[in-house]
Each structure stands twice: as structure tokens, then as C-alpha cells.
Trainee: 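First the structure, then my questions, so here it is.
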Amino acid sequence: MKLPDHLARQILANHQARPRHRGELPGAPHAALDNPGCGDQVTVWAQVEGERLAALSFTGRGCAVSQASASLMTEALRGKTLAQARDLAAQYRAMVLGGDEGGDPALGDLLALAGAGRLLRRRRCALLAWDALDEALARGAVAREGQQGAP
């Protein structure tokens with residue numbers, strides 16, 4: 001499903017101007033990544049409770065694509081199980097990397113970023129927050145394993 005261009009631009013502008021879930025989550029695992037090609041920087045915090053993304057937030061600066069992507073990601077994944085989050089992330093990555101502007105309707109407003117796949121330089125912008133989330137989740141998994149093995 002392809003969003004009309006005017007709707008995609010409106011969604012991106014809205015998330016850039018009024019980002020959702022922006023701010024630090026003290027105590028939650030986090031990861032910071034940069035995109036030197038565009039000057040983007042994003043830090044993602046991911047609090048996992050059980051097998052669910054209980055809280056997800058970000059801070060950062062950069063182009064409209066990177067910041068809107070981070071905001072849309074927090075909206076789409078917050079409250080989902082880790083398995084659901086992985087599935088949605090895989091669909092999103094396939095859309096961006098494959099340049100498939102159709103995308104799966106399950107992506108919802110994330111479809112607004114389908115056009116980023118057409119430009120190689122914008123792919124990194126669109127994936128930066130998602131890569132940071134992967135790192136934050138990996139750090140959180142290591143920390144949880146360490147806590148379980150602690151005497």
C-alpha cells in the first residue's frame with residue numbers, strides 16, 4: 001500500500017515538528033548512533049518488561065527523515081512484544097532497503113518513509129533509530145542475563 005505523497009509529507013512533517021516519546025528513560029538500556037553523511041545523531045532507550053517493550057524513547061538531532069523515523073518507530077513499537085517488534089522492524093527494513101514503496105499495510109504511518117528507499121543516502125537516515133534500537137535491546141538482553149546469573 002502506497003500512501004499519497006501529500007499524506008506521507010504531512011506525517012513526516014508532523015513527527016519532525018512534534019516528535020513522540022522524546023526524552024531519556026533513566027535506567028533503561030540505550031544506544032547512540034551517528035550518521036556522519038547527513039549529520040544525524042540519535043539515542044534510543046528501550047525498557048523491556050518480560051517480553052514486551054514497555055517504554056521506548058529517543059533523543060537526537062538531524063534531518064527530517066531521521067527524526068521522524070525515530071518518532072514513528074517509538075509510536076509503532078511501544079507496548080509490542082519483542083517478537084512483534086522484530087517482525088515489524090523486518091518489514092520496515094525490507095521496505096526501506098528494497099525500495100518497495102508499496103509496503104505492508106501493517107506498517108501504518110511508517111509507510112510515510114517508503115520513499116526514503118529510493119535514495120541511498122536517505123536509507124541510512126531512515127534506519128538510524130532502528131539500528132540504535134537493535135543495539136539498545138542487545139545491551140538490555142546482556143544486562144538481564146547478567147542479573148539472572150547473579151547470586
Side-chain angles (χ1 to χ4, degrees), residues 1-48 53-80 82-104 106-146:
M1 176 182 144
K2 182 178 183 329
L3 292 179
D5 287 342
H6 73 279
L7 180 57
R9 282 192 302 274
Q10 182 180 19
I11 291 168
L12 294 178
N14 182 285
H15 277 269
Q16 181 194 18
R18 289 177 291 289
R20 283 33 158 217
H21 311 293
R22 188 175 186 92
E24 297 180 15
L25 282 175
H30 61 281
L33 292 178
D34 296 314
N35 176 9
C38 195
D40 302 323
Q41 183 280 323
V42 69
T43 302
V44 173
W45 283 263
Q47 182 177 340
V48 175
L53 272 173
L56 188 61
S57 70
F58 80 101
T59 61
R61 60 177 166 65
C63 72
V65 171
S66 72
Q67 300 306 291
S69 175
S71 177
L72 284 159
M73 177 190 73
T74 64
E75 287 256 292
L77 299 182
R78 194 176 189 131
K80 298 239 186 284
L82 293 176
Q84 291 168 327
R86 278 191 292 274
D87 288 346
L88 196 61
Q91 291 173 15
Y92 175 76
R93 284 180 191 283
M95 176 187 73
V96 171
L97 293 174
D100 177 14
E101 291 190 43
D104 188 324
L107 290 171
D109 282 353
L110 289 167
L111 290 169
L113 289 156
R118 288 183 297 210
L119 301 170
L120 292 176
R121 292 182 311 182
R122 290 294 179 215
R123 287 180 182 177
R124 179 73 179 135
C125 304
L127 293 172
L128 188 64
W130 298 78
D131 292 342
L133 173 63
D134 286 346
E135 284 192 29
L137 289 174
R139 290 176 184 175
V142 168
R144 285 191 305 278
E145 287 174 11

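Values below: every heavy atom of this structure, side chains too, minus hydrogens, waters and symmetry copies. Bear in mind that the values here come from a model prediction, so they are computed numbers and not experimental data.
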Trainee: Is any side-chain heavy atom of E135 closer than 4.5 Å to one of R139?
Mentor: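 Side-chain contact under 4.5 Å: yes.
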
Trainee: Taking atom CD of E75 and atom CG of D109, what is their separation to the nearest 0.5 Å?
Mentor: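 With rounding to 0.5 Å, CD (E75) is 8.0 Å from CG (D109).
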
Trainee: Hey, does S69 have a side-chain heavy atom less than 4.5 Å from the side chain of L128?
Mentor: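 No. Closest side-chain heavy atoms not under 4.5 Å.
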
Trainee: Can you pull the salt bridge (charged side-chain N to carboxylate O under 4.0 Å, His left out) pairs that have at least one residue in residues 10-28, sequence neighbours excluded?
Mentor: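 For residues 10-28: none.
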
Trainee: Keeping to residues at least two apart or across chains, list the side-chain hydrogen bond (donor to acceptor under 3.5 Å, both in side chains) pairs with something in residues 54-64.
Mentor: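 As it turns out, there is no side-chain hydrogen bond (donor to acceptor under 3.5 Å, both in side chains) pair with a partner in residues 54-64 once direct neighbours are skipped.
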
Trainee: Side chains of L53 and Q84, heavy atoms from C-beta outward: is any pair under 4.5 Å?
Mentor: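 L53 does not reach Q84 side chain to side chain.
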
Trainee: Output, in order, the C-alpha distance, side-chain angles, deciding distance and verdict of side-chain contact (heavy atoms from CB on, under 4.5 Å) for L127 and L97.
Mentor: CA-CA 9 Å; L127 293 172; L97 293 174; 3.6 Å; yes

Trainee: What is the minimum heavy-atom distance between W45 and A28, and which atoms define it?
Mentor: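 So the minimum-distance heavy-atom pair works out to CD1-O, 3.4 Å.
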
Trainee: Say you draw a straight line from NE2 of H21 to CG of L72; how long is it, rounded to the nearest 0.5 Å?
Mentor: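 Output value for this atom pair is 10.5 Å.
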
Trainee: Could you pull out the closest heavy-atom pair between M95 and L113, with the gap in Å?
Mentor: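 Heavy-atom minimum between the residues: CE-C, 4.1 Å.
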
Trainee: Could you state the interatomic distance from CZ (R123) to CZ (R93), rounded to the nearest 0.5 Å?
Mentor: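 Interatomic distance, R123 CZ to R93 CZ, rounded to 0.5 Å: 13.0 Å.
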
Trainee: Supply the atom-to-atom distance L111 CG to L3 CG, rounded to the nearest 0.5 angstrom.
Mentor: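 Interatomic distance, L111 CG to L3 CG, rounded to 0.5 Å: 5.0 Å.
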
Trainee: Any sub-3.5 Å donor-acceptor pair from Y92's side-chain atoms to A126's backbone N or O?
Mentor: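 Yes; at least one donor-acceptor contact below 3.5 Å.
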
Trainee: How long is the span from the CD1 atom in I11 to the OG atom in S71, to the nearest 0.5 Å?
Mentor: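 Separation between the atoms: 11.5 Å.
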
Trainee: What closest approach, in Å, do T43 and Q41 show between heavy atoms, and which atom pair accounts for it?
Mentor: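 It is OG1-NE2, 2.9 Å.
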
Trainee: Counting C-beta onward and ignoring hydrogens, is there a side-chain heavy-atom pair between L77 and W130 closer than 4.5 Å?
Mentor: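 They are in contact (side-chain heavy atoms under 4.5 Å apart), so the answer is yes.
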
Trainee: Could you report the tightest heavy-atom contact between L107 and Q91, atom names first, then the distance?
Mentor: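 Looking at all heavy atoms of both residues, the closest pair is CD2-CB, 3.9 Å.
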
Trainee: Would you check, one step at a time, whether the test side-chain contact (heavy atoms from CB on, under 4.5 Å) holds for V65 with D40?
Mentor: CA-CA 9 Å; V65 171; D40 302 323; over 6 Å; no

Trainee: Would you please name every residue forming a side-chain contact (heavy atoms from CB on, under 4.5 Å) with A132, sequence neighbours left out?
Mentor: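 Testing A132 for side-chain contact (heavy atoms from CB on, under 4.5 Å), a comparison that skips the adjacent residues, returns L33, V42, V44.
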
Trainee: Looking only at non-hydrogen atoms, find the nearest pair between A116 and R122 and report the distance.
Mentor: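 In this case the closest contact between A116 and R122 is O-CB, 3.7 Å.
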
Trainee: For a 4.5 angstrom cut-off between non-hydrogen side-chain atoms, does R124 reach D131?
Mentor: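 SC-SC contact between R124 and D131 confirmed.
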
Trainee: side-chain contact (heavy atoms from CB on, under 4.5 Å) for L88 and K80? Distances and angles first, verdict last.
Mentor: CA-CA 10 Å; L88 196 61; K80 298 239 186 284; 4.2 Å; yes

Trainee: Ignoring hydrogens, what is the shortest heavy-atom contact between P29 and A136? Give both atom names and the distance.
Mentor: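 Taking every non-hydrogen atom into account, CB-O, 3.5 Å.
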
